[in-house]
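These values consider heavy atoms only, across backbone and side chains, with no hydrogens, waters or symmetry-generated copies.
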Amino acid sequence: MTSHSASLPLNPYDDMSPVTQAAYRARAAAAEIAPLPRAPKDDALLAMADALEVRTAEIVQANAEDVAKAREAGTSESVIDRLTLTPERVRAIAADVRHVAALPDPVGEVVRGSTLPNGLDLRQVRVPLGVVGIIYEARPNVTVDAAALCLKAGNAVLLRGSSSAYASNTALVRVLRDAVGGAGLPADAVQLVPGESRDSVRELMRARGLVDVLIPRGGASLIRTVVEESTVPVIETGTGNCHVYVDAAADLDMAVDILINSKAQRVSVCNAAETLLVHQGIAAEFLPRALDALAEAGVTVHGDERVAAYAEGSKAEVVPATPEDWETEYLSHDIAAAVVDSLDAAVAHIRLWTSGHTEAIVTTSQAAARRFTQLVDSTTVAVNASTRFTDGGEFGFGAEIGISTQKLHARGPMGLPELTSTKYIVTGDGHTR
């Protein structure tokens, strides 16, 4: 930092903490980016994607440090899977950034507009949120997803990943900042929050007036802490206790395929199924097949007494379900399972235990599908489709910034429109009230 003569004002950053300095720099960057048209933002995004591919070795080497420390600490394989970056995953992340660049720019979109009876022209238009803080756990891909989406929507982003991914996130942000600055935009639009201690997290949560919104991504404990302790407005993302209900009118082959894809295609993600509910009218025919398929996929079933009764002679390992199993987001090769008396009983179970993320019904009955979709109140209700489709990329939104399970402003996969607010533009011709 340059020295100041007695005649010059002190640098306003001098007495600020590193986190507050980062927030002020982000605010300045956000003001610079907000009015930009689409082209310079897209150019920066494409530069980010290219840089990720060119500097893949640097990123993977840093990630290897985090993975090695995680293994030494006895971290579960599901968490290590989310933490790990391979060259293939880095290429996929870069492809996601290019996808975001190709999406329409939400900024300036007219949400509604009209000419009022008094002749005033009224328009409600999308504008950037400003400075977005992201607090997340050991998923370094979130670093890039969040940076790309925030930048496209005209925001600056403050990234606070977990200490377990610190080397990975540091390398990624270094690459992204170089690309953004090289494209002519302020590099401070993308910043890693300084510090590895929880003090920096608390300071970020208290930066009301500097940070416009916080988005937590991670487990229930992290999300609860941010929601309860933050003075900055929070868009609440949630855990994924997702259910698959197999109706009495289900196609059995389809039901097995959807169940296995929902549970076992990738177990460490929030849209993986954690509970199976089976209508009693189809249980005798369906469960033996389902249990064998789950066993072949390496899944342990935490079943009620009626499920256990169908396990005899199957390959499945069924352990007795406890009340805790119905509310657990396993993120592992485990699933809770129960037989229910009716569709309404399945809905009642879901209402009691769901985290509000995603629920699926497998049925050939339009009436059953209609009733299920009407009664289940989650961000996403799937009919004859895997729970794994609840994803910004799969929905065509680009790489999502999270899946909101609240009901304010944003709900479900959060793409570009959810990273904007709106303002009203009133145009008159000398109008006075």
Side-chain angles (χ1 to χ4, degrees), residues 76-78 81 240-322 325-343 345-347 349-350 353-354 357-365 368-369 372 376 378 380-391 394:
S76 70
E77 284 302 315
S78 64
D81 175 60
N241 184 15
C242 304
H243 296 72
V244 173
Y245 165 60
V246 181
D247 186 53
D251 177 300
L252 296 190
D253 291 336
M254 179 189 294
V256 170
D257 289 344
I258 287 174
L259 170 63
I260 297 304
N261 185 262
S262 296
K263 174 67 257 183
Q265 194 259 346
R266 191 175 180 191
V267 299
S268 62
V269 289
C270 63
N271 57 15
E274 306 292 21
T275 301
L276 167 66
L277 302 174
V278 181
H279 192 290
Q280 64 173 354
I282 205 172
E285 191 175 1
F286 174 72
L287 271 173
R289 291 181 58 182
L291 292 173
D292 280 345
L294 287 167
E296 289 177 5
V299 177
T300 298
V301 177
H302 302 248
D304 67 3
E305 292 180 357
R306 290 199 281 184
V307 169
Y310 293 105
E312 295 181 13
S314 77
K315 306 172 186 175
E317 178 186 353
V318 177
V319 298
T322 66
D325 285 308
W326 307 125
E327 65 182 356
T328 298
E329 183 187 30
Y330 293 109
L331 302 175
S332 62
H333 283 84
D334 295 87
I335 192 167
V339 175
V340 292
D341 295 335
S342 63
L343 183 150
V347 170
H349 180 106
I350 291 170
W353 299 109
T354 184
H357 194 294
T358 301
E359 328 301 344
I361 179 174
V362 186
T363 186
T364 59
S365 166
F372 189 82
V376 170
S378 293
T380 306
V381 183
V383 178
N384 295 328
S386 170
T387 62
R388 291 280 288 117
F389 284 107
T390 304
D391 174 84
E394 294 293 334

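Note: Thr358 OG1 to Arg388 CZ = 10.5 Å, rounded to the nearest 0.5 Å. In this structure, His243 NE2 and Trp326 CH2 are separated by 8.5 Å, a value rounded to the nearest 0.5 Å. If you take CG on Leu291 and NZ on Lys315, they are separated by 12.0 Å, rounding to the nearest 0.5 Å. For the atom pair CG of Asn261 and OG1 of Thr387, the computed distance is 7.5 Å after rounding to the nearest 0.5 Å. To the nearest 0.5 Å, atoms CD (Glu317) and NE2 (His333) are separated by 13.0 Å. Atom OG1 in Thr380 sits 12.5 Å away from atom CD in Glu394 (nearest 0.5 Å).
Applying the salt bridge (charged side-chain N to carboxylate O under 4.0 Å, His left out) test to residues at least two apart or on different chains, none of the pairs has a partner in residues 325-337. Residue pairs meeting the salt bridge (charged side-chain N to carboxylate O under 4.0 Å, His left out) criterion with at least one partner in residues 261-280, sequence neighbours excluded, are Asp81-Arg266, Lys263-Glu274.
Gln280 CD: more than 12 foreign heavy atoms inside a 6.0 Å radius. Around atom CD of Gln265, more than 12 heavy atoms belonging to other residues, nucleotides or ligands sit under 6.0 Å away.
Leu259 approaches Ile335 most closely through the heavy-atom pair CD1-CD1, 4.0 Å. Of all heavy-atom pairs spanning Ile258 and Ala385, the tightest one is CD1-N, 3.6 Å. The shortest heavy-atom contact between Ala249 and Thr363 is CB-OG1, 3.7 Å. Heavy-atom minimum distance, Val362 versus Asp251: CG1-O, 4.3 Å. The nearest pair of heavy atoms linking Val256 to Ala293 is CG1-CB, 3.9 Å.
Put simply, the side chain of Ser342 gets close to the backbone of Ala345: a donor and an acceptor are under 3.5 Å apart. Distance alone, capped at 3.5 Å, is enough to place a donor-acceptor pair between the Asp304 side chain and the Val307 backbone.
In this structure, His302 has its ring center under 6.0 Å from that of Tyr330.
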